[in-house]
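Numbering starts at 1 and runs along the sequence shown. Quick caveat, the model's predicted, so the values are computed rather than measured. Reckoned from all heavy atoms, side chains included, excluding hydrogens, waters and symmetry mates.
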Amino acid sequence: MAKTIRAKASVHQGYRTLAEIGRGAYGVVRKAEHRETGEIRAIKSLYDGAYDEEALRRFKAEAELMHGFDHPNIVRVHEVHLDALSPSI
């Protein structure tokens, strides 16, 4: 059985959530406004504490892969928070 990972705090403090875009087996995607810049962004987060080391490894790999792309049809990664209560991209 995989070890459940617990972490510090939510990353969503810097954002104002506007709407939920979708959800899946491991997490949720929300439309949010960055409080400092006013930019509209999508935040993909794993469910609070409901993930294991393997899910976090895959999430990190996804963030690293997406960070390498620069294309108008692919979402750009601005921030990655893996140590939060709810890891987010």
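Using a 4.5 Å cut-off on side-chain heavy atoms (C-beta onward), Ile43 and Ile89 make no contact. Here the side chains of Glu20 and Val29 are not in contact, with every heavy-atom distance at 4.5 Å or above. Under the 4.5 Å side-chain criterion, counting only non-hydrogen atoms from C-beta, Lys31 is in contact with Ile40. When side chains are defined from C-beta on, His67 does not count as touching Val80, because their heavy atoms never get closer than 4.5 Å.
The two residues Asn73 and His71 come nearest to each other via the heavy atoms N-ND1, 2.9 Å.
In this model, no donor atom of one side chain and acceptor atom of the other lie less than 3.5 Å apart for Tyr15 and Glu36.
Both tests pass for Arg58 against the ring of Tyr26: distance under 6.0 Å to the centre and angle within 45° of the axis.
Remark: the backbone N or O of Ala19 is not paired with any side-chain donor or acceptor of Arg30 at under 3.5 angstrom. A donor-acceptor pair is defined here as one N or O able to donate and one able to accept, closer than 3.5 Å; such a pair exists between the side chain of Tyr47 and the backbone of Gly27.
Here OH of Tyr51 is found 10.0 Å from OG of Ser45. Values are rounded to the nearest 0.5 Å. Put simply, CG on Leu82 and OG on Ser88 are 9.0 Å apart, with the number rounded to the nearest 0.5 Å.
Taking the charged nitrogens against the carboxylate oxygens, Lys44 and Glu62 do have a contact shorter than 4.0 Å, which makes a salt bridge. The pair Arg41-Glu79 counts as a salt bridge, with a side-chain nitrogen and a carboxylate oxygen less than 4.0 angstrom apart.
Grouping the Ile, Leu, Val, Met, Phe, Trp and Tyr side chains by contacts below 4.5 angstrom, directly or via other members, places Val77 with Leu56.
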